[in-house]
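The next block holds one structure in the form of structure tokens; read it before the comments.
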Amino acid sequence: MTTRAAVDSVLNEKNLAVIGVSRNPQKFGNMVVKELGEKGYKLLPIHPELDQVHGVACYRSLDALPEPAGAAFIAVAPDKSAAAVKEAHEAGIRNIWIQQMAQSDEAIQYCKDNQLSFVSGECILMHAEPVGSIHKFHRFFKKLFGRMPK
């Protein structure tokens, strides 16, 4: 179960690597770059072939970052999430957000085995303030039914 402390450990880091941006602007990783960028986060998108997404420079890998990331946000297919978590850990990142629908048992177990602070099964846009649009609506119902991290 995700804790509020794990949520805060990612959201309090303003330098955030985003693993899972795409050429497709409709993909969730790209939406995160746009929305969190508007909220003041310094985003470090990772893509092996893209030069930028939403006007933000992309980096080929975590090793290519010009500065360390305090946390990693992962929005890849579930069969790739464990490798992304391991790569982030090997780059020295200990705060991980595995976006809902990206998590895998293997990725979660890796986080546990390596004592990483991690979030899984949650939408980052429901937690990063200020929350707007459909995310605010979803958050209201999640709170109403007692399903927000504590």
Any chance you could lay out the side chain to side chain contact (heavy atoms under 4.5 Å, CB included) test for Glu122 and Arg147, step after step, and finish with the verdict? CA-CA 10 Å; Glu122 296 287 331; Arg147 298 186 60 211; over 6 Å; no
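- The distance from the CD atom of Glu49 to the SG atom of Cys58 is 11.0 Å, given to the nearest 0.5 Å.
- Ile108 contributes atom CD1, which lies 12.0 Å from atom CG of Asp113 (distance to the nearest 0.5 angstrom).
- By the 30° and 60° cut-offs, the orientation of the rings of Phe145 relative to Phe141 is parallel.
- Looking at Arg94, its side chain does come within 3.5 Å of a backbone N or O of Gln115 through a donor-acceptor pair.
- At a threshold of 4.5 Å between non-hydrogen side-chain atoms, the residues Arg139 and Met148 count as touching.
- Using a 4.5 Å cut-off on side-chain heavy atoms (C-beta onward), Leu36 and Leu125 make contact.
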From CA spacing to verdict: side chain to side chain contact (heavy atoms under 4.5 Å, CB included), Lys34, Met31: CA-CA 5 Å; Lys34 183 178 185 303; Met31 290 172 42; 5.7 Å; no
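- Without hydrogens or angle criteria, Tyr41 side chain to Leu11 main chain gives a donor-acceptor distance under 3.5 Å.
- Put simply, CD on Gln103 and SG on Cys111 are 11.0 Å apart, with the number rounded to the nearest 0.5 Å.
- For the pair Ile93/Leu116, no side-chain contact is recorded, criterion being any heavy-atom separation below 4.5 Å from C-beta on.
- At least one side-chain heavy atom of Val10 sits under 4.5 Å from a side-chain heavy atom of Leu16.
- Using a 4.5 Å cut-off on side-chain heavy atoms (C-beta onward), Pro78 and Met101 make no contact.
- With rounding to the nearest 0.5 angstrom, the NE2 atom of His89 is 11.0 Å from the CG atom of Asn95.
- Atoms NE2 and NE2, on His135 and His127 in that order, are 11.5 Å from each other to the nearest 0.5 Å.
- Using a cut-off of 4.0 Å between Lys/Arg side-chain N and Asp/Glu carboxylate O, Lys86 and Glu106 are scored as not salt-bridged.
- Counting only residues at least two apart or on different chains, the side chain to side chain donor-acceptor pair (under 3.5 Å) pairs with a member in residues 55-78 are Asn15-Glu67, Lys42-Glu67, Asp51-Arg60.
- In this structure the side chain of Gln100 never reaches within 4.5 angstrom of the side chain of Ser120, judged on heavy atoms.
- By the 4.5 Å heavy-atom criterion applied to side chains, Ile46 and Leu65 are counted as neighbours.
- Put simply, the side chain of Pro45 does not reach to within 4.5 Å of the side chain of His54, judged on heavy atoms.
- Taking each heavy atom of Leu62 and Ala91 in turn, the nearest pair found is CB-CB, 4.0 Å.
- The aromatic rings of Phe28 and Phe73 are tilted relative to each other, their planes meeting at an angle between 30° and 60°.
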